[in-house]
Amino acid sequence: MKKPVKYFLYGFLGLLLIGVLFIGSFIYRVQYGLPFYESNPPTLPTEMKDFSVLLFSKTNGFPHTEAIEAALPAFKKMAQKNDWTLYPTNNGAVFNSAQLAKFDVVLWSNATGRNLTDEQRKAFRAYIEGGGGFVGIHGTGDASHHWDWYYENLIGAHFSHHPLNPQIQAGTINLECDSMSNYPCMGLPNNTKRSDEWYVFTDNPREKGFTVLYTLDESDLVMSGNIPLLVDDKDFGMGADHPIVWYKCLPNNGRTFYSAMGHTGASFSEPMNLDLLERGIKWAGKTIGSCE
Ligand SMILES: [Zn+2]
């Protein structure tokens with residue numbers, strides 16, 4: 001073989017190998033999460049206000065970088081307006097009982113993957129079972145967490161896929177107002193059209209005792225998550241009842257609120273979406289609504 005041909009072949013094979021490794025590690029990260037953990041808890045502010053929110057955006061799984069970066073200043077502004085303490089950290093070691101006890105709400109803003117150790121998960125579970133509040137946004141409901149208790153109690157559904165062609169679509173969401181006893185029926189008005197990456201779940205949280213606040217009208221959307229040559233069994237949506245925001249009262253007055261919206265950075269500059277999240281945080285922190 002002539003030398004230039006040989007070099008070309010080696011170069012090509014080398015690039016192919018790098019490409020396969022890159023794609024392979026990305027798929028592994030998205031599906032399982034990379035095993036990065038922290039063991040030294042952060043130092044919390046000495047002065048905490050009456051209402052405090054722990055903002056956690058650790059991404060051992062898919063990194064929604066744009067959305068996470070856009071969410072931080074939006075939540076900071078929200079905290080300032082409401083006189084909350086907002087403590088943003090990606091240090092999983094904050095999930096210990098002493099520090100969690102200082103927060104009214106734990107807010108997972110696109111936190112993905114197996115991002116806590118078993119010990120940290122235990123502390124988080126005890127916090128929720130002791131009456132803590134949880135708010136989850138978008139990626140926190142994807143399939144990368146691999147934690148049965150979390151899906152059953154906090155998310156209430158199992159992620160299947162999201163549309164890929166196109167990935168971001170303008171969809172209409174409808175507000176269900178039969179939930180007034182637990183939640184002020186406001187935020188995004190009924191029949192709002194907005195763009196997002198719309199999650200599809202294999203089961204319906206409504207059937208697991210969650211109260212659905214918004215559903216997505218799929219009728220003018222392409223819900224398929226198929227990938228040519230790789231995935232051919234994801235050409236489906238959730239049909240006529242496609243929940244997109246929901247919540248549930250948990251034992252001991254614990255509360256969970258989840259919005260599957262929030263893939264894009266723009267989601268966090270939409271006043272009505274921020275209003276919805278603000279109400280979700282207040283509800284999870286028991287300053288509005290009730291669980292009786
Ligand atoms: Zn997303």
Side-chain angles (χ1 to χ4, degrees), residues 22-23 25-34 55-75 88 90 107-115 134-147 150-151 154-173 188 192-203 205 213-218 221-227 230-231 234-238 242-246 256-270 272-274 276-277 280:
F22 182 77
I23 292 169
S25 64
F26 183 77
I27 291 174
Y28 184 87
R29 176 176 184 176
V30 167
Q31 293 195 335
Y32 301 100
L34 301 173
L55 174 59
F56 190 61
S57 302
K58 185 179 169 186
T59 56
N60 277 6
F62 182 84
H64 283 89
T65 310
E66 184 196 305
I68 288 169
E69 285 177 358
L72 179 63
F75 286 126
N90 290 336
L107 168 59
W108 280 25
S109 175
N110 274 308
T112 55
R114 274 185 273 229
N115 48 29
F134 173 76
V135 172
I137 297 173
H138 189 65
T140 59
D142 78 6
S144 64
H145 299 270
H146 301 274
W147 187 7
Y150 174 80
Y151 288 114
L154 297 186
I155 303 298
H158 294 84
F159 174 83
S160 167
H161 65 276
H162 57 69
L164 281 167
N165 189 23
Q167 185 182 353
I168 308 293
Q169 298 177 45
T172 304
I173 57 166
L188 290 147
T192 294
K193 195 154 199 167
R194 59 180 301 283
S195 290
D196 214 315
E197 177 194 72
W198 302 105
Y199 274 9
V200 175
F201 298 88
T202 53
D203 42 3
L213 203 54
Y214 290 89
T215 54
L216 173 69
D217 181 355
E218 287 184 358
L221 301 174
V222 182
M223 299 310 295
S224 176
N226 279 353
I227 305 170
L230 283 177
V231 179
K234 297 290 185 188
D235 185 10
F236 59 89
M238 294 176 75
H242 184 146
I244 211 71
V245 181
W246 56 82
T256 180
F257 174 98
Y258 173 71
S259 170
M261 302 189 289
H263 173 88
T264 63
S267 305
F268 300 93
S269 52
E270 286 175 41
M272 298 313 267
N273 188 43
L274 288 170
L276 167 68
L277 293 172

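Both ligands and their constituent atoms are indexed starting at 1 by order of listing. For the single chain, residues carry numbers from 1 onward in sequence order.
Between Y151 and H158, the ring planes are tilted. Angles from 30° to 60° get that label.
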Please test T140 against V135 for side chain to side chain contact (heavy atoms under 4.5 Å, CB included), starting from the C-alpha separation and ending with a verdict. CA-CA 9 Å; T140 59; V135 172; over 6 Å; no

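Protein N/O/S atoms found under 2.8 Å from the Zn ion (ligand 1): H64 NE2, H138 NE2, E197 OE1, H263 ND1.
In this structure S109 satisfies the side chain to side chain donor-acceptor pair (under 3.5 Å) test with no other residue, sequence neighbours excluded.
Two residues are said to be in side-chain contact when any heavy atoms from C-beta on lie closer than 4.5 Å; E69 and F268 fail this criterion.
Between the side chain of Y199 and the backbone N or O of S160, no donor-acceptor pair lies under 3.5 Å.
Rounding to the nearest 0.5 Å gives a distance of 10.5 Å between CG of N226 and CG of N165.
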